[in-house]
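Naming convention: chains lettered A, B, ... in sequence-line order (proteins, then strands); numbering from 1 in each chain. Excluded from the calculations below are hydrogen atoms, water molecules and symmetry mates; all remaining heavy atoms, backbone and side chain alike, are included.
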Amino acid sequence: MRSRWPPCRVRHHRRCAYTARRDRPGRRTGACVARGYDPHEIEPRWQKAWDAADLHRADEEGDRPRFYALHMFPYPSGDLHMGHAEAFSLGDAVARYAWARGFEVLNPIGWDSFGLPAENAAIRRRAHPAEWTYANVETQAATMRRMGFAFDWSRRLHTSDPAYYKWTQWLFLQLYHAGWAYRGDASVNWCPNDRTVLANEQVIDGRCERCDAVVTKRTLTQWFLRITAFAERLLDDMAQLEAYWPDRVLNLQRNWIGRSEGARIVFRIEEADEAIVAFTTRPDTLFGATFFVLAPEHPRARALAERGGATADFDEYLDQVRRRTEMERLATEGRKDGVFLGVHARNPVTGERMPVYAADYVLMEYGTGAIMSVPAHDQRDLDFARAHGLEVRVVVQPPDTELDAASMTEAADGEGVLVNSGPYDELPWRAAKRKITADLAERGDGEPAVTYRLRDWLVSRQRFWGAPIPVVHCEDCGLVPVPEADLPVTLPERVDLHAESVSPLAADPDWVRVACPSCGQESRRDTDTMDTFVDSSWYYLRYCSPDRDDVPFDREAVRRWLPVDQYTGGIEHAILHLLYSRFVTKALHDLGHLDFVEPFTRLKSQGMVLMGGAAMSKSRGNLVEPRAILDEYGADTLRLTMLFAGPIEDDIDWADVSPAGTFRWLSRLSRLVDEHTGSGGTVEAGDAAAGADLRRATHRTIAAVTADFEQFKYNTAIAKLMALANAISDALRGGVRGPAVQEALDAVQVILAPMAPHVAEELWHRLGHSDFVLRAPWPTADPALLVDERRRIPVQVDGRVRDAMTLPVGASQAQAEEMARELANVARHLRGRRVARVVWVPDRLLNFVVADD
RNA sequence: GCCGGGAUGGAGGAACAGGCAGACUCGGCGGACUCAAAAUCCGCUGCCCGCGAGGGCGUGGGGGUUCGAAUCCCCCUCCCGGCACCA
C-alpha cells in the first residue's frame with residue numbers, strides 16, 4: 001500500500017523509526033527522525049576507518065606511559081546481554097579516556113570459553129561443545145564490533161584453545177611442584193544433577209549455583225589448591241587496595257576469608273592414652289566447659305566410641321548424618337542431635353571429666369573438628385546441653401544482667417568479667433583470654449591460634465569441557481606430573497557426553513591410556529578437568545603476549561603492562577574470580593614469575609541491568625537485548641543511556657531509562673554542530689560578554705567533567721555536557737558566533753568520545769578536524785576562566801533565604817551588608833527587629849541573625 | 001545474629017568540604033509550527049495557601065549540635081547485599 005505521506009527526505013537508514021512508522025502505523029515511534037544524525041550510517045563508517053588505521057592496537061614500543069585497562073572477559077552463552085553492554089561501555093570509557101589522557105593503552109578482549117553450559121548444550125544438540133562455544137563467541141564478537149568497543153583484537157584469546165590451556169596446565173604444575181596443588185580426601189559438595197563436585201564458593205544456600213539442585217556431601221579424592229596458605233596475605237595485602245577497590249568488595253572478601261583469633265587447647269582423653277585438640281575463640285570461658293564435641297567425621301571419633309563401648313550408637317549416628325543433605329543438616333539448628341561416645345575429656349584447668357559427644361553441629365572442615373562446649377556462653381552449646389541434660393556453668397558475668405545457669409535459654413556470648421574461674425576471677429574477659437592462653441601455652445596444653453573460614457580451593461571437575469589436569473597415575477610411581485614439554489594434554493576430538501556412570505574423559509579408554517612419563521609402563525591419565533575459575537585466574541597475564549608458545553607470558557611485556565591499572569567487572573565476581581586471581585598472582589610471585597603481588601591496582605564494579613525491578617530473562621518475558629536497541633538507535637545511544645542512567649555501581653532498571661531521550665539529545669547536539677558550521681565565518685559577531693560567558697561555561701565544564709571521569713561519575717559528566725550544550729544553544733540564539741562556540745563544541749566532542757565514540761568522531765570531523773578524536777588530547781581548563789567576576793549571593797534573615805544579590809567576587813562584608821539591607825524583601829523582614837549578628841561567608845552567603853526582644 | 005550499603009519530586013538521579021535542595025534527563029501540562037500527526041522549537045512542572053507580591057511546609061521517622069543540616073551526632077523504622085551450627 002502506498003503511503004499518502006511524502007517519503008522522508010532525510011538521508012537515513014531504512015530502520016529509521018520514521019520509515020518504520022509509515023510501514024507500521026500502530027507502532028509507537030522512537031525518536032529516529034533526526035535530521036543529520038543517522039547512527040546506522042555513521043557508526044559502521046567510523047568503525048571501518050578505525051580498523052583501517054589500526055587505531056586501537058596497543059603499542060609495545062614507544063615511550064608514552066602505559067595503561068592497562070581490562071574488563072572481565074565474558075562467558076560465551078549466546079549473544080551479549082544488556083549487562084555486558086553496560087559493563088563494556090564502562091570498560092571502553094575507561095580505556096578511551098586513558099588514550100585521551102596521553103597513555104599507551106592495552107584494552108584486550110577474550111573469552112572464558114570453557115564451562116559446563118557448553119557441555120549441556122552439546123548433549124542437547126548431539127554436537128561437540130566446541131561448536132556451540134565458538135559459534136557464540138563469534139556472535140558476541142560481532143555485537144562487540146557493532147558497539148564500537150576499542151579493543152585490540154589482535155590479542156584476542158579463548159581459554160578453551162589448546163594454545164591457552166597448555167599454560168593453564170603449566171600453572172597447575174607450577175602450583176603442584178610448589179606443594180600448593182594436592183590430592184586429598186574430603187567431604188565435598190556434590191551436585192547430583194551436574195554430576196560433578198563443586199567448590200565451596202559454588203554452593204549457594206545448599207544448592208548448586210548453576211542448576212539449583214540440592215547439593216549432597218560425598219567423600220572423594222580430589223585436587224585442591226592451597227589457597228588457605230595465603231589467607232593471611234590475602235587479608236594483609238588488602239591494605240594496598242583499600243583506596244582503589246570498592247569497600248564493598250574488600251568487605252565481602254574479608255567475610256569470606258573469615259579470620260578468627262583464639263587458641264588451640266589440648267584435652268586429654270580419660271579412658272585412652274591420647275589427646276584431642278579443640279579450637280576456640282573464647283579461651284576465657286574454659287572454666288565453663290562442661291562437655292566436649294567431635295565432628296562425626298573426626299578421624300578419632302570411631303576409635304573413641306569403640307573405647308567407650310558406644311560403637312553401635314556411633315555407627316548408626318554417622319550413617320544417619322552421612323545421608324543428610326546440607327539443607328537437612330542446617331535444619332537441625334536449634335534442636336541439636338548427637339551421640340555420647342562413652343569417654344571423657346579432662347578439662348586442663350578444672351581437672352573435671354567432661355563427657356565426649358559426636359554431633360554434626362561441629363564441622364570437620366573448620367578449626368580442628370573438635371570443640372570444648374561452654375553452654376552458658378555459646379548458643380549452640382546451650383541448645384545441645386538443654387537437649388541432653390548437661391551442666392550449664394556461668395563463668396563470664398556480663399555487666400548488665402544477672403545470669404541464672406539453671407534457667408537461661410540465651411547464651412551470654414558477649415563481654416563480661418570472669419567468675420567461677422579460680423585464679424582468673426574478676427579479670428575482664430579480653431585480659432582473661434590472653435592470660436589463660438599464655439598459661440596453657442606455658443604448660444604445653446595449648447597455644448594461640450588463628451583459623452579461617454576460607455577452605456582450600458577444590459578444582460577437580462568430573463566434566464569434559466575444561467583443561468585436563470596434567471597428571472598421570474602410575475601403579476609404581478604414583479602421581480606423575482606430565483612433563484612441561486608434553487603439554488598441552490589436549491581433549492579428545494570425539495566425545496561421548498552421555499555416559500552416566502563415569503566422567504566423559506574416563507569413558508574414553510584410548511584417551512586415558514598413556515605411558516608413565518617416569519617409568520614408561522602403561523598408566524592412566526587423570527580424568528578430571530579443572531574448574532574454569534583456574535582458566536580465568538591468570539588470563540590478564542596472557543594478554544601481554546598471547547601468541548608466545550614457549551612461555552605463558554613474556555616477562556618483559558608483563559613488566560611493561562602489569563599490574564592492571566584499571567579492572568572493571570561485575571560485583572558477582574567479588575569473591576570467586578577476584579580472590580582466585582589474587583591468590584594465583586601471589587603464588588606466581590613467590591615462584592619468581594612475577595614481581596608484584598596484587599594483579600589489579602584499581603577495581604570498579606558496575607551494577608546489574610534489570611527490567612521492571614527483576615533480572616531479565618526470556619521466561620519472565622522481560623528480556624531486552626542489545627541488538628534490538630542497536631537496531632533502533634545505534635551503539636552510541638545504547639552506551640550513553642547506560643552511562644547516564646545513574647552511578648555506574650548502582651543497578652539500572654531499563655524500565656526507568658529512556659534511550660529515546662538519549663537519541664534526541666545526540667540529534668540535538670548534531671544539529672547544534674551543523675548550525676555552528678553553517679553559520680558562516682569565524683567572526684565574533686555576537687555580544688562579547690555573552691561569548692565570554694560561554695567560554696567560562698566551557699572551561700567550568702571541562703574542569704568538572706574531568707573530576708567526574710576520574711571518579712567514574714559518567715552520569716554527572718553527561719549531565720554537565722548536556723548543560724553545556726544548552727548553554728551553546730542559548731549562545732547561538734543570542735547571536736554568539738565563532739571561536740567561543742567552536743571551542744565549546746570541540747570540548748564536547750573530546751569529552752563525549754569515550755562514551756559515544758562514533759557520533760563524537762563524526763561531529764569532530766564536521767567541526768573541521770582531520771585526525772581521529774581519539775588522538776585529540778583531553779581539554780584542559782584555563783584557570784583564569786574558572787573564576788567568576790561576579791556571583792549571586794543569597795541573603796538570609798535568620799537562616800531563611802529572603803532574597804539574593806549579585807556582587808563582584810571578593811566583595812567585602814560591609815559592601816554586602818549595605819547592598820543587602822536595601823533589598824526590599826530583606827528590609828521587610830528586618831523591619832522592627834534587631835540584628836544580633838551577621839554571618840558572612842565570602843562570595844557565598846550573607847545571613848542576618850535577628851534577636852527578638 | 002554479625003558485617004557492609006541505602007531511603008531526596010510522578011521516575012532515574014544531582015548537590016565540592018555544613019551555606020539558594022531538586023542540576024541533567026524522563027514523564028506530564030501549555031504554546032508555536034502543521035490541513036493533521038510525527039519530528040522540532042519555546043515555556044511551566046516538589047507540596048500547600050495566595051489574584052499577586054509573597055508566605056508556610058519539605059531530603060524515611062524522632063531528637064540533638066549550629067546563625068544555618070539531605071550533609072555532623074544519638075535513637076528508631078524499612079529496604080538491599082554479604083556471611084552464618086565457623087566454635
Side-chain angles (χ1 to χ4, degrees), chain A residues 5 8 10 17-18 21-22 25 29 31-35 246-256 258 260 262 278-282 285 293 329-334 336 359-363 365-374 377-381 383-384 413 451-455 571 574-575 641 644-647 649-653 655-662 664-665 667-668 671 704 707 713 715-723 725-726 729 733 792-804 824-825 828 836-839 841 844-850:
Chain A
W5 316 117
C8 179
V10 184
Y18 188 95
R21 212 184 108 76
R22 282 190 290 131
T29 177
C32 179
V33 189
R35 222 172 329 180
D247 289 341
R248 181 159 170 221
V249 173
L250 296 177
N251 180 43
L252 291 177
Q253 292 206 358
R254 265 188 213 104
N255 277 348
W256 188 259
S260 56
F279 172 76
T280 180
T281 54
R282 295 296 301 272
T285 62
V293 185
R329 197 181 68 77
L330 291 177
T332 62
E333 195 171 345
K336 306 263 176 297
D360 79 340
Y361 82 92
V362 174
L363 309 174
E365 302 87 54
Y366 187 77
T368 61
I371 62 164
M372 65 175 206
S373 290
V374 187
H377 304 292
D378 182 286
Q379 190 61 45
R380 297 152 299 182
D381 295 345
D383 293 341
F384 192 88
D413 55 6
T451 314
Y452 303 92
R453 210 193 63 92
L454 182 71
R455 311 271 198 272
I571 193 80
I575 296 171
T641 302
F644 185 53
E649 59 273 16
D650 289 2
D651 291 348
I652 294 174
D653 194 330
D656 290 335
V657 300
S658 170
T662 310
R664 261 199 304 271
W665 183 69
S667 309
R668 240 185 108 207
R671 280 195 302 275
K713 291 164 79 175
N715 59 326
T716 54
I718 293 164
K720 283 159 194 163
L721 286 183
M722 288 172 167
N726 291 344
S729 178
R733 207 156 7 122
R792 195 180 137 84
I793 312 286
V795 180
Q796 301 181 336
V797 176
D798 236 12
R800 289 163 178 265
V801 178
R802 294 303 178 185
D803 214 330
N825 205 38
R828 197 164 69 85
R837 189 180 150 196
V838 180
V839 179
V841 185
R844 296 208 74 154
L845 169 137
L846 184 69
N847 184 13
F848 293 101
V849 183
V850 296

* Partners of A:Phe384 by ring-ring contact (aromatic ring centres under 6.0 Å, His included), sequence neighbours excluded? -> A:Phe291, A:Tyr357, A:Tyr361, A:His388
Can you name the atoms? Protein N/O to nucleotides 19-23 of chain B N/O, anything below 3.5 Å, with the distance.
residue	atom	partner	partner atom	Å
B:G19	N2	A:Gln796	OE1	3.4
B:C20	N3	A:Arg792	NE	3.3
B:C20	N4	A:Arg792	NE	3.4

* Structure fact -> The salt bridge (Lys or Arg N to Asp or Glu O under 4.0 Å) partners of A:Arg282 (sequence neighbours excluded) come to A:Asp284
* To do: Classify the glycosidic conformation of B:G22 as syn or anti, calling it syn when the angle lies within 90° of 0.
  => anti
* **Nucleotide nearest A:Arg837 (side chain, heavy atoms from C-beta), chosen from B:C85, B:C26, B:C67** => B:C67
* Asked: Taking only residues two or more places apart in sequence or in another chain, which ones pass side-chain contact (heavy atoms from CB on, under 4.5 Å) with A:Arg828?
  -> A:Asn825, A:Arg831
* When you get a sec, tell me which of B:A87, B:C42, B:G82 is the closest nucleotide to the side chain of A:Leu252? => B:G82
* **Sugar-phosphate, base or nothing in reach of A:Ser260, heavy atoms under 4.0 Å** => sugar-phosphate
* **Inter-nucleotide C1' distance (B:G62, B:A69), Å rounded** => 15 Å
* Asked: What's the closest nucleotide to the A:Thr281 side chain, out of B:G13, B:U40, B:A87?
  -> B:A87
Using a cutoff of under 3.5 Å, can you pull out all pairs of nitrogen or oxygen atoms linking the protein to nucleotides 1-4 of chain B, with atom names and distances?
residue	atom	partner	partner atom	Å
B:C3	O2'	A:Asn251	OD1	3.0
B:G4	O4'	A:Asn251	ND2	3.1

* Asked: Would you say A:Arg664 and A:Thr662 make side-chain contact, with heavy atoms under 4.5 Å?
  -> no
* Do A:Arg668 and A:Asn726 have side chains that get closer than 4.5 Å, going by heavy atoms? -> yes
* In terms of side-chain heavy atoms of A:Arg828, which of B:U25, B:A87, B:G54 is nearest? -> B:G54
* Mind checking who B:G22 pairs with, Watson-Crick or G-U wobble, both distances under 3.5 Å? -> none
* Asked: Can you list the residues that meet the side-chain contact (heavy atoms from CB on, under 4.5 Å) rule with A:Asn847, with sequence neighbours excluded?
  -> A:Gln796, A:Val839, A:Leu845, A:Val849
* Under 4.0 angstrom between A:Arg800 side-chain N/O and B:G55 OP1 or OP2 -> no
* Structure fact -> The reported gap from CD1 in A:Ile718 to CZ in A:Phe644 (rounded to nearest 0.5 angstrom) is 6.5 Å
* Structure fact -> Taking a pair to mean Watson-Crick or G-U wobble geometry with both distances below 3.5 Å, B:A32 pairs with B:U40
* **Pairing partner (Watson-Crick or G-U wobble, both distances under 3.5 angstrom) of B:A7** => B:U77
* **side-chain N/O A:Arg802 vs B:G56 OP1/OP2, d < 4.0 Å** => yes
* Asked: Taking the side chain as C-beta and beyond, is there a heavy-atom pair between A:Val249 and A:Ile571 under 4.5 Å?
  -> yes
* Asked: How would you label the contact of A:Val374 with the nucleic acid (heavy atoms, under 4.0 Å): base, sugar-phosphate, or nothing?
  -> nothing
* To do: Using the test salt bridge (Lys or Arg N to Asp or Glu O under 4.0 Å), find all partners of A:Asp381 that sit at least two apart in sequence or belong to another chain.
  => none
* To do: Assign each of A:Asn825 and A:Ser729 to its nearest nucleotide of RNA chain B by heavy atoms, then name whichever residue's nucleotide is nearer the 5' end.
  => A:Ser729
* Taking only residues two or more places apart in sequence or in another chain, which ones pass side chain to side chain donor-acceptor pair (under 3.5 Å) with A:Thr716? -> A:Asp708
* Structure fact -> In whole angstroms, the gap separating P of B:A38 from CZ of A:Arg664 amounts to 12 Å
* Go through B:U25, B:C85, B:A15 for me and flag the one nearest to the A:Lys713 side chain. => B:A15
* To do: Could you check which nucleotide pairs with B:A69 in any of the strands shown, counting Watson-Crick or G-U wobble with both distances under 3.5 Å?
  => none
* To do: Give A:Asn726 one of three labels, base, sugar-phosphate or nothing, depending on what nucleic acid heavy atoms sit under 4.0 Å from its own.
  => sugar-phosphate
* If each of A:Met722 and A:Thr280 is mapped to the nucleotide of RNA chain B with the nearest heavy atom, which maps nearer the 5' terminus, i.e. the 5' end? -> A:Met722
* Choose from B:G13, B:C41, B:C85 the nucleotide whose nearest atom is closest to any side-chain atom of A:Arg668. => B:C41
* Structure fact -> Testing B:A87, B:C83, B:G12 for proximity to the side chain of A:Asp656, the answer is B:G12
* **side-chain contact (heavy atoms from CB on, under 4.5 Å) involving A:Ser658 - partner list, sequence neighbours excluded** => A:Ala660
* To do: State the pairing partner of B:G27; accept Watson-Crick or G-U wobble contacts with both distances under 3.5 Å, and report none otherwise.
  => B:U45
